[in-house]
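Numbering of residues begins at 1 and proceeds along the displayed sequence.
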Amino acid sequence: MKLKLQVQFNNKNVETTNIEKLVKEDVKSKGVKMTTVDTLEVYYKPEDSSVYYVATTKTGEVVGNDQPLYIG
């Protein structure tokens, strides 16, 4: 089974895979390899298309974003 999950808000569709890709790219840009990430919590605010996240590595390092990422 393949799952395609979309968030719909104010006549706008956002695929969760696009949110995931955006977050992973930002995590990598901070020098963190995805294979070292233990947990990744993602928060999407559909009213302004902003994305926030908190990634915790297997060694306990915490990486996140203070400024929102925006999904188009």
Side-chain angles (χ1 to χ4, degrees):
M1 178 182 92
K2 291 185 180 183
L3 174 66
K4 182 177 180 180
L5 181 60
Q6 295 184 357
V7 177
Q8 295 181 337
F9 185 78
N10 281 345
N11 297 321
K12 184 176 179 183
N13 293 343
V14 176
E15 291 190 28
T16 57
T17 54
N18 293 340
I19 295 171
E20 179 182 357
K21 182 179 176 182
L22 179 70
V23 168
K24 286 181 176 180
E25 287 174 359
D26 198 67
V27 170
K28 290 177 189 175
S29 75
K30 294 180 178 178
V32 177
K33 293 182 180 181
M34 291 308 300
T35 56
T36 67
V37 174
D38 186 42
T39 60
L40 180 59
E41 299 175 37
V42 179
Y43 308 92
Y44 173 60
K45 293 177 58 183
E47 61 270 15
D48 61 1
S49 300
S50 61
V51 178
Y52 295 89
Y53 68 88
V54 176
T56 305
T57 67
K58 295 172 185 173
T59 61
E61 178 184 2
V62 177
V63 177
N65 60 323
D66 294 328
Q67 298 297 317
L69 305 174
Y70 291 102
I71 192 85

So which pairs with a foot in residues 36-47 pass salt bridge (Lys or Arg N to Asp or Glu O under 4.0 Å), sequence neighbours left out?
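Not a single pair qualifies under salt bridge (Lys or Arg N to Asp or Glu O under 4.0 Å).
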
Pairs in or reaching into residues 18-35: which pass salt bridge (Lys or Arg N to Asp or Glu O under 4.0 Å), with residues at least two apart or in two chains?
E20-K24, D26-K30

Who pairs with [X] by side chain to side chain donor-acceptor pair (under 3.5 Å), at least two apart in sequence or on another chain?
| X | value |
| --- | --- |
| Q6 | none |
| K12 | S49 |
| S50 | D48 |
| N10 | none |

Sequence neighbours excluded, which residues qualify as salt bridge (charged side-chain N to carboxylate O under 4.0 Å, His left out) partners of K4?
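For K4 the salt bridge (charged side-chain N to carboxylate O under 4.0 Å, His left out) partners, ignoring immediate neighbours, are E15.
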
By the side-chain hydrogen bond (donor to acceptor under 3.5 Å, both in side chains) test, which pairs, at least two apart or in different chains, include something from residues 59-69?
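Listed by first then second residue: T57-T59.
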
Considering only Ile, Leu, Val, Met, Phe, Trp and Tyr, and joining two whenever side-chain heavy atoms are under 4.5 Å apart, list the other residues clustered with I19.
V7, V14, L22, V23, V27, V32, M34, V37, L40, V42, Y44, V51, Y53, V63, L69, I71

Validation row: N13, Q8 side chains within 4.5 angstrom (heavy atoms)
yes

